[in-house]
Amino acid sequence: MSLNLGVLSIQGDVNENILSIKAAIDALDIDGTVTSVRTPDEISKVDGLVIPGGESTTIGQLSLFNGALKILKEKIEQGMPVLGICAGMILLSKTVKDKVVGKIDQPLLNILDIKLERNSFGRQRESFESDISLNSIGIPTFNGVFIRAPSISDVGSDVEILSKFNGKIIAVKKNNVIGVAFHPELTSDISLHKYFVNLTNTLKN
Ligand code: GLN
């Protein structure tokens, strides 16, 4: 059966992720499609989902409001693969504080057992790019694009650390859940999207 991938389209860089997932499906020569999904009904039909970067408070509030948050949590807990990018990773996490304003109350999925710091590398003007590596998933070098990026200060015992930058954890994985602090969809390198499509394909079969 054809693989049905989705990109959560509440707010953030949805189109860039659709293009990257499309390119990954083509490169892997997998029978699959990618669509933008927003409603609980649309979300219920996907085999794997990207939650894009953007503004986590907005994505969280609007998903709570339209019922997406509830079905997302159910599906991810039942094993649906998810790639949370930047704000998407924030949404997946259990504990969030902001580097400047400290503890904040925002809707979260409460799935990834990580302690997360929002805006950990500074604000918009401190955005930067740097080479990083994700060796344990077969991606030795990758151009990390960090935009108001979070970092992770601590992980639960069963969360795998995939990458660190300047001593800060910037990518994690727990079974079907991947979170990254940088923006793979803003580079032409589709390795991480390929890894995710492959993971979804493997977990589905
Ligand atoms: N700092 C943003 C937030 O907290 C995330 C930034 C991003 O997704 N590029 O939601």
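Order of appearance sets the numbers: ligands from 1, and atoms from 1 within every ligand. Residue numbers count from 1 along this sequence. These values consider heavy atoms only, across backbone and side chains, with no hydrogens, waters or symmetry-generated copies.
- Less than 4.0 angstrom separates some heavy atom of Glu55 from each of these atoms of ligand 1: 10 (O).
- Judged purely by distance below 3.5 Å, without hydrogens or angles, the side chains of Ser120 and Lys168 pair a donor atom with an acceptor atom.
- In this structure, atom 4 (O) of ligand 1 lies nearest to the protein heavy atom Arg118 NE, 2.5 Å.
- Under a 4.0 Å criterion applied to the non-hydrogen atoms of Gly54, ligand 1 contributes the atoms 2 (C), 5 (C), 6 (C), 7 (C), 8 (O), 10 (O).
- Looking at Gln106, Arg148, Lys99 and measuring to atom 2 (C) of ligand 1, the nearest heavy atom belongs to Arg148.
- Side-chain atoms of Asp189 and Ser191 include a donor-acceptor pair closer than 3.5 Å.
- Between Ile178 and Tyr195 the shortest side-chain heavy-atom distance falls below 4.5 Å.
- In this structure, Ser130 and Phe165 approach most closely via the heavy-atom pair OG-CE1, 3.0 Å.
- Between Ile51 and Val7, every side-chain heavy-atom pair lies at or beyond the 4.5 Å cut-off.
- The distance from ligand 1 to the heavy atoms of Asn119 drops below 4.0 Å at these ligand atoms: 1 (N).
- Here the shortest heavy-atom distance to atom 7 (C) of ligand 1, taken over Ser56, Gly88, Cys86, belongs to Cys86.
- Contact annotation: for Ile90 versus ligand 1, heavy atoms closer than 4.0 Å belong to the side chain alone.
- Shown in contact with Gly53 at under 4.0 Å from a heavy atom are these atoms of ligand 1, numbered in order with element: 8 (O).
- In the model, Asn119 has a side-chain atom that pairs as donor or acceptor with a side-chain atom of Asp98 under 3.5 Å.
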